[in-house]
2 protein chains.
Amino acid sequence: MTEEKETEEKIFEAARYVFERDGFSGARMQEIADEAGINKSMLHYYFRSKDKLFHSVFKTGVKKVLPALFQIINKDLTLYDKTVEVVRFYHDLFRRSPHLPMFVLHEMHQHPERFKEFIGEFRQKIPQTFLDQVNKAVQEGKLVPIKPHQFLINVLSLCMFPAIAKNMVVTIFEMSDDDYEAFMKEREEMIPDLIFKGLMFH
Amino acid sequence: MTEEKETEEKIFEAARYVFERDGFSGARMQEIADEAGINKSMLHYYFRSKDKLFHSVFKTGVKKVLPALFQIINKDLTLYDKTVEVVRFYHDLFRRSPHLPMFVLHEMHQHPERFKEFIGEFRQKIPQTFLDQVNKAVQEGKLVPIKPHQFLINVLSLCMFPAIAKNMVVTIFEMSDDDYEAFMKEREEMIPDLIFKGLMFH
DNA sequence: GTCTATATAACGATAGAC
DNA sequence: GTCTATCGTTATATAGAC
């Protein structure tokens, strides 16, 4: 029935909202039911348990964060252009879903086994073409010696940390929400240049 | 009594261990009591409630992460040397306390009010001398235009994110614990040069 | 101060009527 | 498929003996 699909969808969206905001142990089934505007029993009818409902939400969260990264670095682009695309992708994503990066990383941190379960499903290895591209750029003297893994983590660090640490940033720097928005917008432009050129004049 | 102090200390250390690992909502008073080797009632005798015990642990956590940063950037050093010290400080700290950064940032994320409560206590503003130092370096053409806040967040991002995202990193890159250790050691050397010189040959 | 026992509330989950 | 009512457990917290 179309009725069925709608209810399941409503529950899932409510669960996504509450789990992303409160985490697994902080989330309450009652609150998810309230958010979905239905009865608590329906949650179990459609998803059997809190664990299974969470698993579904978590998997969706990981799929929003990781596959696009691998897709971008697998494209036929320069390293610089890949960096620009990755930075833009994450800044757009986290603007729309501010709780997403903390949710995914926190649950990965607490329950790594839940992550490992399905990480293989969507072939999440670093593409060889990307590894080759970085190594070749180093060999040709275009880049200073750096391992592809370090390169990738540098980009991810600069994109994800300020999203994860928003409350620390706005508190210490005494920012308004608009200030923070501008701060992040500025980073979007800055990060690729920082990665490749650094801060010193040359 | 010395007896009193010892028990309170034991409880606090157990609470620190459990809260840092499991977070507020994931932690159980019973587990803290077990970890401390005492009865559950003692937790309430000394700290009244889970909330108050947590608050005490959280405050200590923030104090381990932030004041040292402000102390370092307030020293009489070049920007490069300050960066080296900050990077070394965080890598040493997170090697000893791997759960600390996720704990502090996650609880800040979920309960920003708990953070704001006492952030003023230990004067956690960016020292003016540091702001002046960055702005002066930019004016003198030694650095490309960058705001001091962005500079600081770049350093923190590169230090903290890989510690927070350890499980993601080791899973995606298929690292052992030793691999991860070596990976982080390598970053410690790399980060200051990345910040200032970037990756391109020049 | 430290223990045992228990109060009290909240949570996840299920049974059963409709 | 959706509701009400409730079970069984577990959580924080307290009372009271020693």
Side-chain angles (χ1 to χ4, degrees), chain A residues 1-61 99 103 106-107 110-111 113-114 117, chain B residues 1-61 99 103 106-107 110-111 113-114 117:
Chain A
M1 292 299 151
T2 163
E3 197 64 41
E4 263 188 52
K5 201 64 193 166
E6 272 175 24
T7 304
E8 189 171 332
E9 195 66 24
K10 268 200 298 183
I11 292 173
F12 181 82
E13 279 307 307
R16 200 178 54 78
Y17 177 75
V18 175
F19 276 132
E20 282 187 9
R21 191 192 55 194
D22 299 339
F24 176 79
S25 59
R28 298 290 164 251
M29 295 294 268
Q30 183 61 59
E31 193 163 1
I32 294 173
D34 293 347
E35 189 70 31
I38 49 97
N39 194 279
K40 203 174 53 165
S41 305
M42 297 277 82
L43 271 53
H44 292 91
Y45 179 79
Y46 281 100
F47 291 91
R48 291 192 53 86
S49 71
K50 184 185 180 183
D51 250 304
K52 287 193 168 55
L53 179 54
F54 172 82
H55 193 271
S56 175
V57 168
F58 179 55
K59 191 168 176 172
T60 303
H99 292 295
F103 169 66
H106 182 251
E107 302 303 329
Q110 295 219 323
H111 299 286
E113 70 285 356
R114 286 208 251 241
E117 266 177 49
Chain B
M1 291 303 150
T2 164
E3 197 63 43
E4 264 188 51
K5 200 62 196 168
E6 272 175 25
T7 304
E8 189 172 331
E9 195 65 25
K10 268 201 299 183
I11 292 173
F12 181 82
E13 279 307 307
R16 199 178 55 75
Y17 177 76
V18 174
F19 276 132
E20 282 187 10
R21 191 191 55 193
D22 299 339
F24 176 78
S25 59
R28 297 290 166 249
M29 294 293 267
Q30 183 62 59
E31 192 161 1
I32 295 173
D34 293 346
E35 190 69 31
I38 49 98
N39 194 279
K40 205 174 46 165
S41 305
M42 296 279 82
L43 271 53
H44 293 91
Y45 179 80
Y46 281 99
F47 291 91
R48 289 192 54 83
S49 70
K50 183 184 180 182
D51 249 304
K52 287 193 169 54
L53 179 54
F54 172 81
H55 192 272
S56 175
V57 169
F58 179 55
K59 192 168 177 173
T60 303
H99 293 294
F103 169 67
H106 182 251
E107 302 303 329
Q110 296 219 320
H111 300 287
E113 71 284 357
R114 287 207 251 241
E117 266 178 48

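So that the names make sense, note that chain A is the first sequence line, chain B the second, and so on, each numbered from 1.
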Taking atom [atom2] of [N] as reference, at what distance in whole Å does atom [atom1] of [X] sit?
| X | N | atom1 | atom2 | result |
| --- | --- | --- | --- | --- |
| F54(A) | dC11(C) | CZ | C1' | 17 Å |
| M29(B) | dA10(C) | CE | P | 17 Å |
| D51(B) | dA11(D) | CG | P | 17 Å |
| Q30(A) | dC3(D) | CD | C1' | 13 Å |
| D34(A) | dC11(C) | CG | P | 11 Å |
| F47(A) | dA13(C) | CZ | P | 13 Å |
| K50(B) | dA10(C) | NZ | P | 15 Å |

**OP:** Would you sort out whether E13(B) and R16(B) count as a salt bridge (Lys or Arg N to Asp or Glu O under 4.0 Å), showing the intermediate values?
**Re:** CA-CA 5 Å; E13(B) 279 307 307; R16(B) 199 178 55 75; 2.8 Å; yes
Original post:
Looking just at side-chain N and O atoms, do S41(A) and N39(A) make a donor-acceptor pair shorter than 3.5 Å?
Top reply: yes
**OP:** Please report the C-alpha distance between R21(A) and E31(A) in whole Å, then the side-chain angles of each, then the deciding distance to 0.1 Å, and finally whether the salt bridge (Lys or Arg N to Asp or Glu O under 4.0 Å) criterion is met.
**Re:** CA-CA 12 Å; R21(A) 191 192 55 194; E31(A) 193 163 1; 2.7 Å; yes
Considering all heavy atoms of both residues, which atom of [X] and which atom of [Y] are nearest to each other, and what is their separation?
| X | Y | result |
| --- | --- | --- |
| H99(B) | E20(B) | CB-O, 3.5 Å |
| A27(B) | D22(B) | N-CB, 3.8 Å |
| F54(A) | R114(A) | CE2-NE, 3.5 Å |
| G26(A) | S25(B) | N-OG, 3.4 Å |

Original post:
ring-ring contact (aromatic ring centres under 6.0 Å, His included) with H44(A): which residues, sequence neighbours excluded?
Top reply: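 For H44(A) there are no ring-ring contact (aromatic ring centres under 6.0 Å, His included) partners, ignoring immediate neighbours.
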Subject >> Side-chain N,O (Y46(B)) to OP1/OP2 (dT2(C)) below 4.0 Å >> reply: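 Checking Y46(B) against dT2(C): at least one side-chain N or O falls below 4.0 Å of OP1 or OP2.
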Original post:
Reckon A27(B) touches a base, only the sugar-phosphate, or nothing at all at heavy-atom distances under 4.0 Å?
Top reply: sugar-phosphate
Original post:
Is there a donor-acceptor pair under 3.5 Å between the side chain of E107(A) and the backbone N or O of F24(A)?
Top reply: yes
Subject >> Contact nearer the 5' end of DNA chain C, comparing R28(A) with R48(A) >> reply: R28(A)
Using nucleotides 16-18 of chain D, report all nitrogen or oxygen pairs with the protein that are shorter than 3.5 Å.
none

**OP:** Kindly state which residues belonging to residues 36-44 of chain A come within less than 4.0 angstrom of DNA chain D, counting heavy atoms of the residue only, listed by number.
**Re:** N39(A), S41(A), M42(A)
